[in-house]
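Take a look at the structure below.
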Amino acid sequence: MTETCSFTIDGQEVTAASGTSVLNAASASGIYIPHLCNHPDLKPTGSCRLCFVSIDGGKPRMACREPVKDGISVATSNAVIQRMRVQVMELLIADHYMDCLACAAAHDCELLKISAYLGMRPNQLTRLGKTERNLPVDGSNPFFQFDPNKCVLCGICVRTCDEIVGLRAIGYIHWGDKTVIGAAGNRPFAESICESCGECVERCPVGALAPKTPAIPAREVQSTCVYCGVGCGIHVGVRGDTVVSVSGDRDRETNSGSLCVKGRFGFRFINHPDRLTRPLVRKNGELKESNWDVALDLIAEKFRKSKGRFAALASAKCTNEENYLIQKFVRVAMRTNNIDHCARL
Ligand code: FES
């Protein structure tokens with residue numbers, strides 16, 4: 001049985017499993033502590049220096065690296081911590097290209113969220129945002145782009161690719177104030193070992209790694225990815241009848257929010273104008289659009305005439321129940337064992 005600790009954050013009673021960090025325990029209880037480099041899926045590194053808290057009135061400590069303890073009293077801010085956070089933010093923003101209106105992450109940017117939390121003034125942000133870096137944007141990947149001018153070096157992408165994907169396709173390049181994030185070997189992403197799964201894009205807190213065609217959906221629908229037999233849980237973002245985004249379902253045990261390149265980015269076939277939505281029947285060697293009654297009658301007639309020359313290929317895009325029915329139909333109705341299945345599409 002997991003042991004738990006009870007303590008207070010800003011006077012609010014909180015209970016968390018022992019070993020949980022103060023930051024993750026606070027987030028799980030709906031208490032906000034500013035942070036950039038922490039992600040609940042990853043090991044903490046304590047690199048952004050924004051999550052300072054005071055424990056039992058003591059000196060500032062990093063909430064992301066501080067395990068919860070029974071009976072402690074955590075304060076998420078005081079005058080010293082507030083001043084430290086503003087200074088860290090000023091340095092970060094000074095090196096960050098602030099084209100917020102054109103940024104894919106503007107609706108969900110941690111940098112903007114923290115500056116609003118700290119009460120930083122708009123003119124302060126604009127003045128500090130005049131970066132001189134002007135580094136080239138890597139748009140070589142077909143699905144996402146990387147703008148190093150927006151990167152805050154939180155390292156979440158590096159750790160995601162290492163700890164979750166296990167590929168280490170992203171790393172730190174150069175040293176000191178020249179440090180940047182980049183694809184391993186300092187190559188364009190498209191020429192690196194990156195598999196385009198987009199796990200780093202999903203976790204980037206500031207829009208440095210962003211989808212090439214970002215779109216904010218009007219609503220999200222819970223569903224299951226249709227690409228293979230794993231059955232990853234997804235949230236399908238839609239506007240009207242058009243699918244505009246797909247993200248992983250963190251509550252689905254099969255994938256815990258992770259997706260592959262096809263599941264995350266390969267959704268445009270759904271509304272593609274070339275997609276077949278009506279049956280085609282061949283007449284005089286030419287495929288002509290028809291209706292389902294005509295097409296199904298034709299199929300039934302051909303099945304009847306097949307006389308032992310019949311085989312079926314089931315699909316990973318079908319559910320288990322549909323695949324069960326297909327093999328039952330082939331074996332019982334068509335009296336053959338010629339049934340196979342493609343494990344992956
Ligand atoms: Fe703790 Fe960045 S979240 S130092």
Side-chain angles (χ1 to χ4, degrees), residues 5 7-10 12 14 16-69 72-96 98 105 108-120 125 128 148 150-164 170-172 176-177 179-181 199-209 250 257:
C5 298
F7 54 101
T8 62
I9 303 178
D10 292 341
Q12 183 178 323
V14 173
S18 84
T20 310
S21 69
V22 169
L23 179 53
N24 287 343
S27 299
S29 302
I31 301 168
Y32 181 63
I33 298 173
H35 62 275
L36 269 179
C37 70
N38 187 72
H39 194 284
D41 299 340
L42 305 168
K43 291 183 200 139
T45 54
S47 57
C48 76
R49 298 291 199 269
L50 280 163
C51 68
F52 281 119
V53 292
S54 167
I55 296 176
D56 295 332
K59 61 181 185 184
R61 306 181 83 93
M62 282 185 278
C64 65
R65 303 197 61 148
E66 198 65 29
V68 296
K69 289 194 191 90
I72 56 172
S73 161
V74 179
T76 60
S77 191
N78 59 33
V80 174
I81 290 172
Q82 177 80 356
R83 199 164 57 242
M84 288 165 71
R85 283 181 183 147
V86 169
Q87 282 171 356
V88 170
M89 280 295 286
E90 286 184 343
L91 290 172
L92 281 171
I93 292 168
D95 223 13
H96 182 83
M98 302 284 283
D108 194 24
C109 174
E110 287 299 321
L111 214 52
L112 285 178
K113 189 171 162 185
I114 297 168
S115 58
Y117 174 89
L118 296 175
M120 297 180 80
L125 300 180
L128 291 166
K150 292 183 187 169
C151 178
V152 290
L153 298 176
C154 66
I156 285 180
C157 54
V158 177
R159 284 175 284 144
T160 297
C161 202
D162 178 15
E163 294 174 28
I164 294 177
I170 311 177
Y172 293 97
D177 66 351
T179 305
V180 286
I181 296 291
E199 289 293 318
C200 55
V201 180
E202 185 71 27
R203 289 177 179 79
C204 178
V206 293
L209 282 156
R250 294 178 62 84

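Order of listing sets the numbers, starting from 1, for every ligand and every atom in it. By convention here, the first residue in the shown sequence is residue 1.
Listed by number with element, the atoms of ligand 1 under 4.0 angstrom from any heavy atom of H35 are 3 (S). Taking every non-hydrogen atom of N38 and a distance limit under 4.0 Å, the qualifying atoms of ligand 1 come out as 3 (S). Heavy-atom proximity to G46, at under 4.0 Å, picks out these atoms of ligand 1: 4 (S).
Vertex atom 2 (Fe) of ligand 1; arms to C48 SG and C37 SG; angle rounded to 10 degrees, 110°. At atom 1 (Fe) of ligand 1, the vertex angle linking SG of C51 with SG of C64 is 100° (nearest 10 degrees).
Between C64 and N38, the closest heavy-atom pair is CB-OD1, 3.7 Å. Residues R85 and I33 share a closest heavy-atom pair of NH2-CG2, 3.9 Å. Across I114 and L50, no two heavy atoms sit closer than the pair CD1-CD1, 3.9 Å.
Residue R49 holds the heavy atom nearest to atom 4 (S) of ligand 1 of all those in R65, R61, E66, R49.
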Give the C-alpha distance, both sets of side-chain angles, the deciding distance and a yes or no for side chain to side chain contact (heavy atoms under 4.5 Å, CB included) between C154 and E110.
CA-CA 11 Å; C154 66; E110 287 299 321; over 6 Å; no
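Panel note: side chain E199, backbone I164; no donor-acceptor pair is recorded below 3.5 Å.
Atom CE of M89 and atom SG of C48 lie 10.0 Å apart (nearest 0.5 Å).
Contact annotation for S47 and ligand 1: only backbone heavy atoms (N, CA, C, O) come within less than 4.0 Å of the ligand.
Within the coordination shell of atom 2 (Fe) of ligand 1, defined by N, O or S atoms under 2.8 Å, C154 is absent.
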